[in-house]
Every structure is written in C-alpha cells, then in structure tokens.
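Data first, discussion second: the structure below is written as structure tokens.
Numbering of ligands and ligand atoms starts at 1, following listing order.
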Amino acid sequence: MRRDFVLFVFGFYEAEKIKMDIHEAKFFKEFLNMTFLSYSNGWNERNGGNMSYRLSDKDSEEVIENFSFDRDWAEIGASVPGLKNEYFMVTGSGKYFRNTKSDPENNVAIIKIDDTGTKYKIVWGLESGGRPTSELPTHLMNHEVKKKQTDGRYRVIYHAHPVNLIALTYVLKQDTKVFTTELWDSMTECPIVFPKGVAVIPWMVPGGREIAVRTSELIKDYDIVVWCFHGAFVSGEDFDSAFGLMETVEKAAEIVVKVRSMGGKKYHLSKDDIMSLAKPYNVDINGDLVTDI
Ligand code: 13P
Ligand code: ZN
C-alpha cells in the first residue's frame with residue numbers, strides 16, 4: 001500500500017515534470033536573457049549575431065510536450081553525424097536579438113537533427129516562418145567538435161559583432177599571436193580567462209560551409225575565433241562562460257583601442273609576467289602565443 005502510494009506520487013511528479021511550459025525552462029530563459037543582454041551591450045545590431053544551445057536530455061524531456069514534429073526536414077549544409085538526434089535552441093536568420101526575449105515564438109527555434117546528421121527539422125518556434133541562422137553550419141560544426149572534445153560539457157556557441165574587437169581587425173596584423181599578445185597585455189585577468197588565446201581568421205564570405213570548416217578547425221584549440229571585419233564566435237560550457245568570454249575579450253579590445261587613441265602603450269606586461277599567472281590561478285597559458293613585448 002505504502003509502495004503504491006510512493007509510486008503514485010513519483011508518477012505524478014514525473015508527469016508534471018515533462019509537462020513544463022517551455023517558457024519556464026531554465027535553458028530557455030537563460031538563452032533569451034543572454035541574447036537581450038548581448039543586444040543591450042551593442043554587439044547585435046539589427047539581425048547581427050546568432051546563438052545556439054545544445055539541449056541536455058533533461059532539458060528535452062522536460063519540454064518535449066511543447067514540440068511538434070509536423071514540419072519538413074531541411075538540409076543543414078554541412079554534415080554533423082556527431083550531433084545526430086540532438087536538439088538545439090537557435091536564433092532565426094534575419095531575426096533581431098532585440099526581439100528574441102519579448103517574442104521568442106517568432107524569433108527563435110528549437111530544431112532536431114536527423115539520424116544522418118545532415119538535416120534538421122524545426123520542432124518549436126519561428127511560427128511566422130523563417131529558418132535558423134544562416135550561420136547554422138558554423139554553429140553545428142563547432143558544436144560537434146566541442147561536444148567530442150569536452151565529453152559533452154560544452155553546450156553554447158555564440159556569435160556577435162562586438163565593436164572594439166572588430167575595430168582592431170582593421171589595425172592589428174590579422175594574426176593569432178599578435179591578437180593574443182595584444183589582448184593578454186591589456187588587462188591582467190585576460191591570460192587567466194582565455195589562457196588558450198584568441199584565434200584570428202582573415203575575412204571570408206560568411207554563412208557557408210567554407211567559413212564553418214575553417215572556424216571549426218580553430219575552435220578545437222581556441223574557445224574564441226575572431227572573424228576579421230565581422231565579429232567573433234565563442235564556445236562555452238554554459239551561457240555564463242560563453243558570454244563572459246565575449247565580454248572579457250571585448251573589454252580588452254576596448255582598452256587596446258583607448259590606449260592606442262592616447263598614443264599607444266608605454267608599458268607592458270612582460271611574457272614572464274603573463275606566464276607567472278599560470279601557477280597561482282591554475283591555468284595552462286599557451287606561452288607559444290606571446291610575441292615579443
Ligand atoms: P543571421 O541573421 O542569418 O543569423 O545572420 C547574422 C549574422 O551575423 C551573419 O554572420
Ligand atoms: Zn555575423
């Protein structure tokens with residue numbers, strides 16, 4: 001009798017759990033908060049930038065009753081077999097970060113990847129039409145790399161157009177070592193927050209497979225890849241770490257812009273200074289990326 005009662009309560013709890021309104025789900029709220037915050041920081045003008053989050057099994061179990069599987073499969077434009085059957089929350093192509101929080105139904109989507117890793121289907125959102133971000137190939141190829149590399153820990157890929165970082169791509173040599181040294185040498189926290197450095201790729205046409213392949217090659221070794229004259233892609237375990245990385249790199253870039261506007265750096269953190277942060281902060285700083293200071 002007692003066991004039956006426990007099973008009944010547990011069954012009721014489980015039933016309630018999966019009936020969660022998607023608007024109440026933690027990942028959903030965090031995604032929308034982050035897109036709005038990123039817009040508020042001035043990094044997502046108009047439809048600039050895009051974001052994707054790989055749902056955990058728990059996330060999808062909680063909200064699956066909100067999904068509908070009636071829409072057609074569409075081509076991803078890339079092959080990501082390592083993501084077969086996964087669900088992603090993504091921003092829509094041409095949709096504004098400014099509007100995602102107030103109107104998620106029409107500006108974001110949840111998609112499911114098919115079991116070949118070449119197609120996706122919208123299962124929630126984009127109700128008035130549209131498709132996921134044009135950078136979907138880059139998002140998914142980056143997810144595939146990071147999922148494998150981190151044993152599934154990394155779930156967020158985020159692209160924005162941060163002002164100062166873009167400005168620096170017109171002035172600094174478009175080179176991973178040059179950018180990494182300049183940014184590490186602009187604020188003490190930088191080598192601690194991004195000890196692997198900042199990768200840089202020269203200008204390429206956005207939105208296709210070619211830039212996706214190039215970015216996903218670099219995201220293996222760096223959590224942030226700068227797209228010259230365009231913006232940056234970051235990857236992270238969760239929303240906080242992805243946003244925090246963009247925030248720190250952009251702040252460092254702003255300091256570089258300000259210091260250069262005041263005539264340039266007169267003093268520097270030396271390579272030894274930078275490397276001396278590794279032990280006390282328990283981070284593996286890639287010293288090979290420090291150019292002569
Ligand atoms: P989407 O509107 O297709 O996401 O494109 C915005 C963007 O920033 C392209 O790089
Ligand atoms: Zn962009």
Side-chain angles (χ1 to χ4, degrees), residues 31-32 34-54 74-78 80 88-111 113 120-122 124-143 156-170 174 179 198-219 222-236 239 242-243 245-247 249-250 253:
F31 186 105
L32 298 179
M34 183 163 144
T35 47
F36 193 74
L37 190 57
S38 187
Y39 158 73
S40 307
N41 280 359
W43 306 336
N44 298 90
E45 78 295 339
R46 202 176 180 274
N47 66 308
N50 24 73
M51 194 159 87
S52 60
Y53 168 77
R54 185 169 56 83
E75 296 290 336
I76 293 168
V80 285
F88 291 87
M89 182 166 178
V90 292
T91 48
S93 184
K95 305 295 184 187
Y96 295 18
F97 269 36
R98 182 164 63 86
N99 297 332
T100 49
K101 196 172 176 183
S102 58
D103 186 14
E105 274 77 4
N106 290 304
N107 292 289
V108 303
I110 307 235
I111 59 169
I113 309 299
Y120 72 87
K121 179 198 284 270
I122 298 173
W124 187 93
L126 290 177
E127 280 175 7
S128 52
R131 58 186 179 87
T133 171
S134 57
E135 306 292 2
L136 193 64
T138 302
H139 279 263
L140 294 182
M141 288 184 80
N142 285 349
H143 274 295
V156 178
I157 302 288
Y158 159 49
H159 168 54
H161 298 169
V163 186
N164 296 284
L165 194 55
I166 296 172
L168 285 187
T169 67
Y170 289 88
Q174 295 179 353
F179 262 74
V198 172
V200 177
I201 56 177
W203 186 84
M204 291 176 78
V205 175
R209 192 175 172 279
E210 209 180 318
I211 198 165
V213 170
R214 187 82 189 92
T215 308
S216 66
E217 280 164 5
L218 288 165
I219 211 90
Y222 304 87
D223 281 349
I224 177 159
V225 179
V226 175
W227 284 4
C228 288
F229 313 152
H230 184 146
F233 258 87
V234 305
S235 58
F239 295 102
F243 189 79
L245 179 55
M246 189 75 84
E247 200 174 26
V249 171
E250 169 59 3

(request) Tell me, please, which residues at least two apart from H159 pass ring-ring contact (aromatic ring centres under 6.0 Å, His included). (result)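 Applying ring-ring contact (aromatic ring centres under 6.0 Å, His included) to H159 gives H161, W227, H230, F233.
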(request) Report, as a single number, the protein N, O or S atoms less than 2.8 Å from the Zn ion (ligand 2). (result)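 For the Zn ion (ligand 2), the figure is 3.
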Looking only at distances, please establish whether an N/O atom of ligand 1 is found under 3.5 Å from an N/O atom of [X].
X: G49; answer: yes
X: W227; answer: no
X: T133; answer: yes

(request) Test I201 against W203 for side-chain contact (heavy atoms from CB on, under 4.5 Å), laying out the working first. (result) CA-CA 7 Å; I201 56 177; W203 186 84; over 6 Å; no
Checking a contact table here: which protein heavy atom is nearest [atom], and how many Å away?
atom: atom 10 (O) of ligand 1; value: E135 OE2, 2.6 Å
atom: atom 7 (C) of ligand 1; value: N50 ND2, 3.5 Å
atom: atom 6 (C) of ligand 1; value: N47 O, 3.3 Å

[Y] and [X], any side-chain heavy atoms less than 4.5 Å apart:
X: M34; Y: Y53; answer: no
X: L126; Y: K95; answer: yes
X: H143; Y: T138; answer: no

Closer than 3.5 angstrom, by distance alone: can the side chain of [X] be matched with the main-chain N or O of [Y] as a donor-acceptor pair?
X: T35; Y: T100; value: no
X: E250; Y: N164; value: yes
X: D103; Y: N99; value: no

Below 4.0 angstrom from a heavy atom of [X], which ligand 1 atoms are there? Numbered from 1 as shown, please.
X: H159; value: 8 (O), 10 (O)
X: H230; value: 10 (O)
X: H161; value: 8 (O)

(message) Ignoring hydrogens and geometry beyond distance, is a side-chain donor-acceptor pair present between N142 and S216 at under 3.5 Å?
(response)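 Side chains of N142 and S216: no pair found under 3.5 Å.
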(message) Counting only heavy atoms, tell me which of A160, G48, G94, S134 gets closest to atom 5 (O) of ligand 1.
(response)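 Considering heavy atoms of A160, G48, G94, S134, the nearest to atom 5 (O) of ligand 1 sits in S134.
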(request) Determine, using ring centers only, whether F239 and Y158 are less than 6.0 Å apart. (result)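 Not under 6.0 Å, so no.
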(request) Pick out which of I224, L245, I157 makes a side chain to side chain contact (heavy atoms under 4.5 Å, CB included) with S235. (result)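 The single option meeting the side chain to side chain contact (heavy atoms under 4.5 Å, CB included) with S235 is I157.
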